Number of protein chains: 2
Amino acid sequence: MATKRSAAAARPRSSELDYPRPAVTVDIVVFTIVDADLKVLLVERGLPPFEGCWALPGGFVRVGEGGERGEDLEAAATRELAEETGLPAGSVYLEQLYTFGAAERDPRGRVITVAYYALVRPDLAPFVEGGSDASAARWWSVASEVQPSALAFDHALILDMALERVRGKIDYTNIAFELVPPTFSTAELRAVHEVVKGRAYDPANFRRRLRRMITDGVIVEAPGKRITGRRPAKVYRFARPQG
Amino acid sequence: MATKRSAAAARPRSSELDYPRPAVTVDIVVFTIVDADLKVLLVERGLPPFEGCWALPGGFVRVGEGGERGEDLEAAATRELAEETGLPAGSVYLEQLYTFGAAERDPRGRVITVAYYALVRPDLAPFVEGGSDASAARWWSVASEVQPSALAFDHALILDMALERVRGKIDYTNIAFELVPPTFSTAELRAVHEVVKGRAYDPANFRRRLRRMITDGVIVEAPGKRITGRRPAKVYRFARPQG
DNA sequence: ACAAAAGTGTTGCCAATACACCCATGC
DNA sequence: GCATGGGTGTATTGGCAACACTTTTGT
């Protein structure tokens with residue numbers, strides 16, 4: 001296994017880098033909203049530790065040997081996300097969350113994890129279960145199904161922080177558009193805000209917010225209507241992606 | 001140098017962890033405000049790469065061998081901060097910023113750095129230069145002295161992100177109190193906001209913000225006054241730390 | 001007295017909220 | 001027609017910016 005020694009040890013001269021290193025993983029909190037319910041993707045662990053427990057999808061950052069550097073951290077997250085969801089890279093919003101490095105957070109040894117969170121549009125969510133990766137991945141209702149204490153490692157803490165981040169950023173960024181289909185009605189967008197924030201919004205006032213976004217050019221009217229069984233609703237789309 | 005091979009290679013059984021690992025460092029963007037000027041602490045690099053360049057203070061996360069786990073990530077940042085500034089731990093505000101993991105960011109090999117930012121009160125800033133650590137650390141004016149292109153590694157990018165973070169959080173958090181002495185006048189606190197945001201604030205309106213903070217119990221009047229050569233100003237202190 | 005800075009009052013603007021109300025549509 | 005949910009109008013509140021104004025002090 002000499003070939004498996006660290007890149008630092010393979011270097012000709014001893015240097016600052018020539019010390020024990022932690023393992024580094026990326027873990028991803030993948031959210032979606034289906035049926036007005038916030039869901040998070042969890043995978044069942046097939047190996048100890050925490051065998052049988054549910055955990056956040058993730059994996060080790062690939063680091064090359066010798067002169068090879070391996071993949072960018074962001075690329076590791078993108079790769080894991082694609083592997084675990086089966087969704088093409090670029091179709092899912094991904095953002096770095098926080099890095100968790102408590103010395104004892106993994107019983108196997110020193111593992112530092114860089115956590116990301118991802119937002120999957122509801123129209124893509126059904127394709128995730130039964131995705132390419134064999135590992136049994138499943139959407140869990142954050143409010144009614146996830147048992148924080150039953151999650152592996154410190155993943156409950158990571159999930160908490162991801163929730164907090166999304167709840168905070170939805171008010172002053174455009175991340176809500178990552179949780180609706182490409183075109184959406186005001187009610188659909190409002191439902192996203194309501195589910196994330198856990199409170200009701202006045203439909204009339206929410207509509208005004210939306211109108212401001214139209215005048216600001218953030219969203220535009222889209223062709224078609226939503227047939228709801230009652231009066232159909234206008235649909236809009238986010239202006240940025242499609243220009 | 002066989003003893004210096006990575007902990008992963010020394011592990012008896014092959015496992016998920018038994019792969020090449022990146023080196024992990026913490027880098028800290030240490031800010032202070034002196035003479036109404038935002039300053040950042042930089043250290044001169046004594047070794048290649050980037051020898052002679054200025055860089056953010058930082059260092060490797062200590063990871064034990066075998067069963068030893070080493071220090072928490074947060075502890076590594078706290079330790080580096082204390083080493084580089086000479087200030088006692090706990091006297092400086094410290095918060096994780098972002099993790100930078102581009103594969104080619106360090107010419108020596110694969111190094112992932114977890115960046116933090118720190119806020120040093122101006123009354124402590126003079127003790128930092130000529131601190132305990134031998135490395136020549138110096139305060140640089142962010143606006144007028146720092147040459148982003150001259151910084152080592154991707155430290156210009158890290159500095160940028162730290163600036164953005166502080167500028168964003170000063171509006172809705174209490175971090176401004178980490179950049180004034182324990183007691184402060186309204187003008188002093190206002191100067192902090194003005195320097196960070198790079199714009200002027202109306203003294204009258206700023207006073208009102210301050211009054212709201214008094215009624216909300218965030219700050220309290222402190223004994224003493226600021227002698228400015230003109231009319232002395234009342235001084236206040238942040239309520240949280242001292243109760 | 002005068003300059004400079006602390007501190008107050010007043011006004012207008014903009015968002016967010018609450019709530020009454022109109023409108024279009026499928027049944 | 002009528003219930004349902006989409007969509008509009010209006011009043012109120014609170015924060016923030018602008019700016020004229022008063023107060024307090026050292027020189």
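Side chains are part of it too, since the values below use all heavy atoms of this structure and drop only hydrogens, waters and symmetry mates. From a predicted model like this one, the values you see are computed outputs, not experimental measurements. So that the names make sense, note that chain A is the first sequence line, chain B the second, and so on, each numbered from 1.
A heavy atom closer than 4.0 Å to some atom of DNA chain C occurs in A/Arg199, A/Asp202, A/Ala204, A/Asn205, A/Arg208, A/Arg209, A/Arg212, these being the qualifying members of residues 199-217 of chain A.
Scanning for salt bridge (charged side-chain N to carboxylate O under 4.0 Å, His left out) contacts around B/Glu74 gives an empty result, with sequence neighbours left out. The ring pair (Phe, Tyr, Trp, His ring centres under 6.0 Å) search around A/Tyr117 returns none, not counting sequence neighbours. Here B/Asp106 pairs with B/Arg108 under the salt bridge (charged side-chain N to carboxylate O under 4.0 Å, His left out) rule; sequence neighbours left out. Not a single salt bridge (charged side-chain N to carboxylate O under 4.0 Å, His left out) links B/Arg167 to another residue, sequence neighbours left out. Partners of B/Ser91 according to the side-chain contact (heavy atoms from CB on, under 4.5 Å) rule, which considers only residues two or more places apart in sequence or in another chain, are B/Leu87, B/Pro88, B/Leu124. Listed by chain and residue number, nothing satisfies the salt bridge (charged side-chain N to carboxylate O under 4.0 Å, His left out) test with A/Arg207 (two or more places apart in sequence, or in another chain).
Contacts between chain B and DNA chain C, taken as any atom within less than 4.0 angstrom of a protein heavy atom, begin and end at C/dA4 to C/dT10. Of all nucleotides in DNA chain D having an atom under 4.0 Å from a heavy atom of chain A, the first and last in 5' to 3' order are D/dT4 to D/dT10.
Residue contacts shown for B/Thr186 are limited to sugar-phosphate atoms, with no base heavy atom under 4.0 Å away. Heavy atoms of B/Arg190 sit under 4.0 angstrom from primed sugar atoms or phosphate atoms, though from no base atom.
Contacts classified as side chain to side chain donor-acceptor pair (under 3.5 Å) and involving residues 210-224 of chain A (residues at least two apart or in different chains) are not found. Within the structure, the salt bridge (Lys or Arg N to Asp or Glu O under 4.0 Å) test picks out the following pairs touching residues 141-159 of chain A (sequence neighbours left out): A/Arg105-A/Asp154, A/Arg138-A/Glu145.
When the nearest nucleotides of DNA chain C are assigned to B/Tyr236 and A/Arg231 by heavy-atom distance, the more 5′-ward of the two goes with B/Tyr236.
Aromatic ring centroids of A/Phe184 and A/Phe177 lie under 6.0 Å apart.
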For residues 189-196 of chain B, tabulate all N or O donor-acceptor pairs below 3.5 Å that involve a side-chain atom, not counting sequence neighbours.
unit_1, atom_1, unit_2, atom_2, d
B/His193, ND1, B/Leu189, O, 3.2
B/Glu194, OE2, B/Tyr201, N, 2.8

